[in-house]
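All remarks here apply to the structure that follows.
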Amino acid sequence: MQNFHMQTQEQRIPSTSIIQRQEPSIKIEATVAGRFLRKLFQIVFYIQLFLVSILVIALTIRGLINASNTHRFHPKKWYPPLLVSTASGGIVSFVWQWISYHYPSKAVKVAFWVSPLLTCAVGVLHVLIGSPVSLAAGTIAVVSGVIQSLYACWVNPRFAYAAKILEVSTSFPPDGTTTFVSLSLIICVIYSAFLVTGIGGATATGTGLDILFIIFILLSFTWSMQVIKNLLYVTISRVRYMNFACGVDMNTQIAFRDTIKHLVGSVCIGSALVPVFGTIRGSARAMNLVAGDTDEFLFSCANCYSGVASTLIKHGNRWGFVHVGVYNKGFVQASADTWEMFKRAELIALIDSDLTGVFCFLSGLAVGSICTLAGGTWALIVHKSYATEVSIYAFLIGYFMCRIALAWQQACVSAYFVAYAENPQSLRFDATIPVRIEELQRHQV
C-alpha cells in the first residue's frame, strides 16, 4: 500500500507544479488503440450532432408546412406546453442545486420523500389522460413511486451520512461553478427546445418513418445530455481532486479547456457505458434482495447476474471520470484503476452504501415529474390527444436538466472518495469516512 501511495504521488508531482503556474496539466499517454477509440467516439458524437441538427430543421419546416395545409396538427397547442416545461426544468434544476448545496441535510430528505409523491402524481395524471400508452406509463409511475417510498424507508438511517459527505466534499466549490452550471443549463434549454421543434414536426405527419426519426432524436438527446453532464463532471472532479489530494487550487477554466481539448472522446465513451452498466448493477442488487437465499434456483440466477454486473461496473463506473480528468486515462482503464484502488483501501462496502448517486437520480425524477405535471396538465386541458407524448418528453427533459445541475456536487463527492482511497492518512480529510467505516463494520458484526 505504501509503495502504491508513493507511485501515485510521483505521478502527480509534475501536474501539481504545472497547475501552480496555471497552465494545462494534461499528460498525454495513451496506446494507439486507446487514442483511436477515443477519436472514433468523438467523431461519431459530432457526426450525430450534425445529422440530428439537419434532421430537426427539415422536420420542423416540413411540419409547419403540413400544419398550414392539413390542420391536423396544431402547433399552438403542441409546442407551448413543452417549451414552457423545458424552461421550467432549467429554472427548477438551478434552484434545486442551490438548495442542495446550502442545505444538504434537508435536500436529501426532501429528495427521498417528495420524489415518490411526485412520481405517483404523474401516474395519476397519466390515468386521467386515459390512452393505452398513458395507462401503461401511469401504472409504471405508481409502482415506481411505491418502490421509491419503500426504498426511502429502508435507507433512512443513511440519510445523515449522505448529507454529511455532500457537505464536506462541496464545502469549497471551485471558482466559477455557478457560471459553468448556469451556462450548461442554458445550453440544455436551447438544445432541448431545438429538438422539441423537430419532434413536433415529425408528430405533424406521424408516419412510421417519423416514429423512427423521433426515436433517433431522443437517443441523440440522451447521449448529448449525458456528455454535457460528464464534461462538467470531469472538469469539477479534477479541480476538487487536486485540492483534496495535493492542496492545489486549480483554475476551473483551464481544467474545462483541457477537458474540451483532450478528453471529449473518453467522456463520450463513459457517457455511453455508465448508464447501461449502472442500470445492470442496480437491477442485479435488487434481484439479490428479492431472491434472498430461500430458493436455490433464484439464488443461483441472481448470483450469476450479480457476477456479470460486478465485472461490468469494474470497467465502467462514474468514479473513473476522476482519473480521466486528472491523468488523461482512457475511460475503461480509469474505471478499472479506481475500482481496484477502492478494493485496496477496503472501501467497496462504503461505495456501495453511498446515496449520492441515488440522491441525484431521485432529484432528477422529481424535477422530471414537475415538468410532466406542468406540460401534461396544460396539454390535457387544451388538447387531450397531445397530453401523453408531451408529458413523456417533458419528463425526459426535466430529468436530464436536474442531473446536469447536480453534476458538480456528485463530481465533488467522487473526487473526495478517490483522493481518500489514494491516501487515507492525509490530514486534508476529516473523520467522516473513518467513522462511517466503523459504523458499517459494527453493523456487519
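Hydrogens, waters and symmetry mates are skipped; everything else that's a heavy atom, side chains included, is used.
Judged purely by distance below 3.5 Å, without hydrogens or angles, the side chains of Gln409 and Thr170 never pair a donor atom with an acceptor atom. A donor atom on one side chain and an acceptor atom on the other are found under 3.5 Å apart for Tyr233 and Ser414. Between the side chains of Thr205 and Arg62, at least one donor N or O sits under 3.5 Å from an acceptor N or O. Trp96 and Ser363 share a side-chain donor-acceptor pair at under 3.5 Å. A donor-acceptor contact closer than 3.5 angstrom is absent between the side chains of Thr252 and Asp175.
The pair Asp354-Arg318 meets the salt-bridge criterion, since a charged nitrogen lies less than 4.0 angstrom from a carboxylate oxygen.
A distance-only check finds no donor-acceptor pair linking the side chain of Thr377 to the backbone of Ala374 [under 3.5 Å]. In this structure, the side chain of Gln48 engages the main chain of Phe45 through a donor-acceptor pair within 3.5 Å. Arg240 places no side-chain N or O within 3.5 Å of a backbone atom of Pro173 that could act as its donor or acceptor partner. No donor-acceptor distance shorter than 3.5 angstrom exists from the side chain of Asn156 to the backbone of Ala152, with no hydrogens or angles considered. Not a single donor-acceptor pair under 3.5 Å links the side chain of Ser426 to the backbone N or O of Asn423. Between the side chain of Trp223 and the main chain of Cys268, a donor-acceptor pair closer than 3.5 Å is present. Put simply, the side chain of Ser85 gets close to the backbone of Gly375: a donor and an acceptor are under 3.5 Å apart. Side chain of Ser369 to backbone of Leu365: a donor-acceptor contact under 3.5 angstrom is found. Checked by atom type and distance alone, the side chain of Ser93 pairs as donor or acceptor with a backbone atom of Cys402 at under 3.5 Å. Remark: side-chain polar atoms of Tyr399 are not paired, donor with acceptor, to backbone N or O of Val367 under 3.5 angstrom.
Ring-plane geometry between Trp78 and Phe73 is classed as tilted, the angle between the planes lying from 30 to 60 degrees on a 0 to 90 degree scale. Using the six-membered ring where Trp is involved, Phe331 and Phe321 have ring planes that are tilted, between 30° and 60° apart. Note on ring orientation: taking the six-membered ring where Trp is involved, the planes of Trp154 and Tyr151 are perpendicular (angle over 60°, cut-offs 30° and 60°).
Geometrically, Arg436 engages Tyr161 in a cation-pi contact defined by less than 6.0 Å to the ring centre and at most 45° from the axis. Phe342 does not carry Arg344 over the face of its six-membered ring by the limits of under 6.0 Å from the centre and within 45° of the normal.
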Trace of the side-chain contact (heavy atoms from CB on, under 4.5 Å) decision for Met401 with Thr86: CA-CA 9 Å; Met401 290 276 193; Thr86 300; 3.9 Å; yes
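Of the candidates Thr259, Asn230, Thr177, Thr259 is the only one forming a side-chain hydrogen bond (donor to acceptor under 3.5 Å, both in side chains) with Thr235.
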